[in-house]
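We name chains A, B, ... by the order of the sequence lines, and we start the count at 1 in each one.
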Amino acid sequence: MSKRHSIVPPISQAGPKPPVQFSSSITIADSAVLTGSNPIVIHSESVVHPRARLESLGGRITIGRRCVVHERSTVGAVGTEGRVTENGVTLGDYVTVEVAASIEAGDTVIGDGTTVGVGAKVGRGAVVGKHCTLTPHTVVAAGEVIPDFTVIYSNGMRRMDKRGVVELKNKGQARQIEVLRRMIPSNPSKFQ
Amino acid sequence: MAPLTPYTFIQCPCSDPSTLASSRPADASSPTSISGQERDDDDGRTFDPRAPRSNYSLYPLEYLLYCEDCHQIRCPRCVSEEIVTYYCPNCLFEVPSSNLKSEGNRCTRSCFQCPICIGPLGVTSLEKPADANLLAAPDNAASPPSGPYILICSYCNWSSTEIGIQFDKPNSIHAQLAKMRNGGVTRLTAKERKEKRREAAAQSGTGVPPTAAPTTTGGDGQDLDVEAQFANLKHFYQGQLADANAAGASSLSSLGDLGFASPNSLSRIMSIYTGGSLHDKKAKTRVGTMREALDSDEGFKLADLDESGAIEKLHEEGYDGTVSSEQLSNQPPNVGEVQLHGRSRFASELRPIPYLLRTKRSKRCPICRHIISKPEAKVQTTRFRIRLVAGSYIPSIAIRPLPGGGPPPDTLQPLRPAQFLLTFKNPIFETVKVTLASPATTPGRFASKVTVLCPQFEIDANTDVWDEALNKDGDKERRRRKGEDSGSGPAGGGQAEAGKIWERGRNWVSIVVEVVPASLRPPTISFGKKEDTGPLREDEDVLEIPMFVRVEWEVDAGGDEVGSVPSKDKDKEAKEKRELAYWCVLGLGRVSQG
Ligand SMILES: [Zn+2]
Ligand SMILES: [Zn+2]
Ligand SMILES: [Zn+2]
Ligand SMILES: [Zn+2]
């Protein structure tokens with residue numbers, strides 16, 4: 001067995017095909033879903049997993065360098081308000097968006113090195129600082145501003161991350177991306 | 001409101017003193033010999049599922065066990081448990097019970113929980129911050145990791161560096177942690193403390209308590225932790241007791257001997273905590289009072305009432321720097337910090353939590369003491385050696401609404417008849433006769449009408465699926481019976497008929513129950529009687545039917561096992577009648593309040 005096939009039927013590419021601007025070094029899976037009418041920009045060495053959704057209907061999506069967007073996560077979900085802003089979602093460098101996490105569009109910013117945990121939700125217009133950790137199933141309310149190095153627990157508790165291992169974490173991320181690039185067949189041309 | 005999934009709860013006989021008495025071992029040999037009087041009692045009393053008592057006796061079938069010797073249902077409340085093994089849930093190592101006494105009920109290997117979020121902590125080496133060129137060549141990290149090591153929570157990124165703790169070795173973290181206070185200050189273990197004291201005593205040359213302060217406990221006693229203080233106090237009072245013994249030969253009265261400062265009371269109290277090692281036969285001869293501890297070497301410690309430090313810290317770190325009561329309650333006891341005058345209040349004072357040990361337990365029947373559930377002693381296996389679950393002895397009851405048979409409707413309309421299909425599935429290898437009884441109206445304030453259309457029927461044995469296919473006789477038998485009480489279900493026209501079962505299968509029978517839900521309006525006028533006119537209580541809108549189930553079957557007289565397959569060539573006379581009767585509650589759905 002060289003390839004594993006998913007039994008889930010392929011997601012239809014609904015809606016318009018958004019204009020994209022990809023760095024040549026990114027890895028984007030064939031089955032990732034990019035929709036919307038605003039531009040989607042992905043900077044160097046970032047990885048977009050299969051079945052991740054990038055929706056630019058609510059504004060431009062910018063993904064920084066060495067980010068990892070996991071399966072079934074949604075970046076740029078158009079919230080209940082359906083407002084369109086110029087910058088829908090901006091992810092800094094070294095951001096990880098975990099499985100099934102969802103980031104609403106509307107001038108939402110995720111700072112460098114932040115991890116958005118499994119199933120976490122970031123509301124519209126929230127500004128999450130640098131090197132934060134949103135643990136699984138955390139909810140960040142719309143418009144909230146989270147200071148750098150904050151750890152948010154799903155029960156609402158918060159804590160400052162005082163480890164000072166930014167460099168180390170970035171290194172780990174780089175290593176993970178090395179592996180992912182070998183495992184995820186990239187097909188950026190499909191979206192261009 | 002969320003729609004209610006129909007449920008069946010079964011009442012364990014232990015909640016009823018009379019049934020418990022009837023299943024004494026003497027009676028157990030012939031379970032059918034329930035005296036007529038008791039039967040009358042049973043008939044005369046309807047079980048009320050809403051009675052406060054019922055909360056404690058109703059269980060889903062899956063929770064119940066069955067004693068094969070008493071032929072009776074047993075619930076988690078009435079079985080007696082015995083601990084088979086203690087083990088750590090993290091590393092799955094078995095802990096001998098002898099170790100529990102000496103080392104406590106926590107894992108003493110390297111298993112820890114995060115003090116902030118109770119996630120599991122892992123040991124990692126604290127690498128030097130990466131150079132810039134490492135990004136270019138990440139492969140040079142292949143060199144073996146070297147210390148120092150830290151504990152880190154992969155869930156919330158808490159690490160032991162936050163409380164200033166690092167380790168030299170990646171293994172036996174528990175032992176290393178025991179020697180360390182938060183901030184990395186070494187902490188004496190009980191053994192070392194004793195040795196220190198002995199050395200000091202040897203230096204001073206006498207047997208009396210040393211006056212020279214040990215190096216670790218400062219003269220002012222400010223860094224005297226709980227354990228050191230206790231050790232000092234204990235030593236001091238032991239010395240005092242010895243003195244009192246030596247001097248106290250002139251005792252006359254024991255009346256003045258009861259104060260806190262008297263050696264007698266003290267030795268009594270200390271013997272409570274130290275397992276009687278201080279108990280002294282000569283206690284009665286002691287007299288008078290002793291002096292109290294005066295300095296830190298004797299365990300004396302001034303209460304630190306100056307909390308300005310804590311207040312300042314609170315200003316600095318804010319609310320996020322403090323601990324929650326939940327985090328505090330998870331902390332292992334006696335971690336050796338200065339906490340006698342107020343427990344740790346800041347997150348920086350928390351300690352990694354060694355995993356609490358878990359147990360595997362076997363369960364015994366409360367009446368005959370036979371084991372009815374026994375797990376495999378090996379921690380890694382989840383199998384059971386013995387497990388007599390009630391589900392393999394008594395029929396299961398599944399409920400679904402009759403028309404359609406799809407998901408249950410959200411609510412039942414009051415005063416409008418509704419039909420439900422009850423499917424009884426026989427788990428044993430004998431044909432069973434089932435008799436149902438339910439009150440005509442449900443107990444409680446809102447009496448709904450209940451009609452069981454077919455209260456008596458037989459369910460075929462739980463034979464092998466293949467046996468059935470190959471055995472033509474059984475098939476004929478089935479057909480014969482079908483002829484005499486053919487189901488009124490899909491095959492028989494689809495109209496529920498009184499006295500007829502709905503449908504029959506290999507080892508199951510379904511019957512129809514008709515209910516007319518009551519109107520949920522509390523009575524507004526009370527007619528002379530004292531009536532409850534209060535508003536609707538929680539879950540009072542759920543339509544629950546109490547139902548008495550009596551199951552009868554025959555087994556080989558010789559074979560004690562209920563579930564054993566009867567041998568074909570045995571005479572019919574060798575059969576023995578068995579019976580099991582119990583109350584159960586069928587929750588059908590919510591009645592609409594419209
Ligand atoms: Zn019981
Ligand atoms: Zn362990
Ligand atoms: Zn944690
Ligand atoms: Zn028993």
Going by an N to O cut-off under 4.0 Å, is there a salt bridge joining Arg124(A) and Asp107(A)? no

So which part of Met160(A) gets closer than 4.5 Å to some heavy atom of chain B, the side chain, the backbone, both or neither? backbone

Within the 4.5 Å heavy-atom criterion, are Cys67(A) and Tyr94(A) side-chain neighbours or not? no

Does Tyr63(B) have more than 12 heavy atoms from other residues, nucleotides or ligands lying within 6.0 Å of its OH? no

Do other residues, nucleotides or ligands put more than 12 heavy atoms under 6.0 Å from the CD atom of Gln380(B)? yes

Residue selection (most heavy-atom pairs with chain B, distance under 4.5 Å) from Thr135(A), Leu134(A), Thr133(A): Thr135(A)

Report yes or no: does Arg53(A) contribute a side-chain atom to a donor-acceptor pair with the main-chain N or O of Ser102(A) at less than 3.5 Å? no

Ion pair present between Asp93(A) and Arg65(A), side-chain N to carboxylate O less than 4.0 angstrom? yes

Listed by number, the residues in residues 112-122 of chain B that come under 4.5 Å of chain A (heavy atom to heavy atom) are Ile116(B), Cys117(B)

Please check if atom NZ in Lys169(A) has more than 12 non-hydrogen atoms from other residues, nucleotides or ligands closer than 6.0 Å. yes

Is chain A contacted by the side chain of Gln327(B), its backbone, both, or neither, given a heavy-atom distance below 4.5 Å? side chain

